[in-house]
Amino acid sequence: MAQERGGRSGSSGSALVNWGPAILFGVILPFATYGLLTDRGVSKVTALLLISLWPVVETLISLAVRRRVDEFGVMMLALMLLGALSAVAFDSAEMVFVKDSAITGLLGLVYLGSLAMPRPLMFYLGRRFATDGTPEGLDRWNGLWQYPGFRRAQYLLTTVWGVAFLLEAVVRVVLAYALPTGAMVLVNNVLPAVVVAALVAWTMRVARQRRAARDAAAEAVAAA
């Protein structure tokens with residue numbers, strides 16, 4: 001029991017170390033800074049431009065401490081900087097959020113479009129994250145394509161991820177014009193993270209189910 005508690009504690013601590021800075025610099029500080037700036041008379045567009053500097057700070061800290069760039073921080077940095085440039089170009093806070101939603105919607109279309117390819121996008125993403133990158137690991141993953149259950153799972157995952165991104169984009173466009181800019185700053189940073197976290201959790205559950213079914217089938221063949 002003590003070991004189990006220790007394992008949970010270690011897992012929680014690791015999650016805090018990995019996600020804490022991203023949440024702090026990608027959600028909490030931008031939201032708090034936006035309110036602070038606008039309360040002092042800074043325009044919405046200028047405030048959106050300034051809060052995009054927080055992911056820059058996170059990326060520099062990650063580079064200095066870990067000697068590597070955090071991928072999530074880079075993604076948040078790119079999205080915020082593109083949003084800030086859109087705000088300057090269109091002089092409209094709403095266009096910042098619409099632009100972010102358009103990028104998410106385009107990503108959803110890419111997922112769905114890959115269903116027409118010989119292998120859908122989730123197959124390649126799964127190979128990137130589920131293997132160690134060695135030739136043996138890549139060959140093992142590529143070899144799974146021969147199993148009908150594995151192929152169906154890859155098409156299912158790709159479809160669900162694509163539809164989820166499209167729905168998220170539509171929801172954010174609607175909210176961009178329905179919510180105050182300050183509230184939308186928070187929603188625009190939190191909602192994508194929540195959607196991706198839910199998709200990752202569901203994907204892991206599907207992977208476990210498929211693995212269990214495959215192992216059961218292999219045991220049945222061995223017993224026969």
Side-chain angles (χ1 to χ4, degrees), residues 3-19 22-23 26 66 68-76 78-79 100-172 190-224:
Q3 183 178 3
E4 182 180 351
R5 286 196 300 268
R8 287 198 299 265
S9 176
S11 177
S12 300
S14 177
L16 182 62
V17 170
N18 290 332
W19 288 100
I23 294 173
R66 301 179 181 180
R68 66 179 179 85
V69 177
D70 179 69
E71 293 82 0
F72 184 83
V74 171
M75 181 184 71
M76 293 301 298
L79 289 177
D100 290 344
S101 301
I103 293 176
T104 301
L106 180 61
L107 182 60
L109 291 176
V110 169
Y111 270 85
L112 296 178
S114 72
L115 294 173
M117 298 170 56
R119 298 183 183 185
L121 184 58
M122 285 302 293
F123 172 83
Y124 299 102
L125 293 177
R127 186 173 64 183
R128 169 66 178 82
F129 292 104
T131 69
D132 54 7
T134 62
E136 295 79 10
L138 296 178
D139 288 341
R140 180 191 63 80
W141 182 264
N142 291 333
L144 294 175
W145 188 254
Q146 66 182 304
Y147 299 107
F150 179 82
R151 294 197 298 270
R152 286 194 297 270
Q154 300 307 306
Y155 283 110
L156 173 64
L157 293 173
T158 302
T159 301
V160 171
W161 277 69
V163 171
F165 282 140
L166 284 176
L167 291 176
E168 179 203 326
V170 172
V171 169
R172 280 203 281 163
V190 171
L191 183 59
V194 171
V195 170
V196 170
L199 287 171
V200 168
W202 176 75
T203 299
M204 293 176 64
R205 187 176 62 140
V206 170
R208 286 194 298 267
Q209 292 173 345
R210 295 294 180 180
R211 191 179 303 114
R214 189 171 63 247
D215 293 343
E219 291 176 2
V221 170

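Bear in mind the structure is a predicted one, so any value in this text is a computation, not a measurement.
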Residues Tyr155, Phe123; criterion side chain to side chain contact (heavy atoms under 4.5 Å, CB included); working and verdict: CA-CA 8 Å; Tyr155 283 110; Phe123 172 83; over 6 Å; no
Check: residues 112-120 side-chain donor-acceptor pairs under 3.5 Å, at least two apart:
{"residue": "Ser114", "atom": "OG", "partner": "Tyr111", "partner atom": "O", "Å": "2.6"}
{"residue": "Ser114", "atom": "OG", "partner": "Leu121", "partner atom": "N", "Å": "3.0"}

Inter- and intrachain pairs under salt bridge (Lys or Arg N to Asp or Glu O under 4.0 Å), touching residues 134-143, at least two apart: none
Can you measure from OG1 (Thr158) to CE (Met122) and round to the nearest 0.5 angstrom? 6.0 Å
Centroid-centroid under 6.0 Å between Tyr124 and Trp141 rings: no
Could I get the full list of side chain to side chain contact (heavy atoms under 4.5 Å, CB included) partners for Ala169, not counting sequence neighbours? Ser101, Thr104
Results of side chain to side chain contact (heavy atoms under 4.5 Å, CB included) for Val194 - residues two or more places apart only: Val190
Applied to residues 145-168, the salt bridge (Lys or Arg N to Asp or Glu O under 4.0 Å) test, sequence neighbours excluded, yields Glu168-Arg172
Taking side chain as C-beta onward, heavy atoms only, is Val170 less than 4.5 Å from Phe165? no
Report, one line per pair, each donor and acceptor closer than 3.5 Å where one atom sits in a side chain of residues 199-208; sequence neighbours left out.
{"residue": "Thr203", "atom": "OG1", "partner": "Trp161", "partner atom": "NE1", "Å": "2.9"}
{"residue": "Thr203", "atom": "OG1", "partner": "Leu199", "partner atom": "O", "Å": "2.7"}

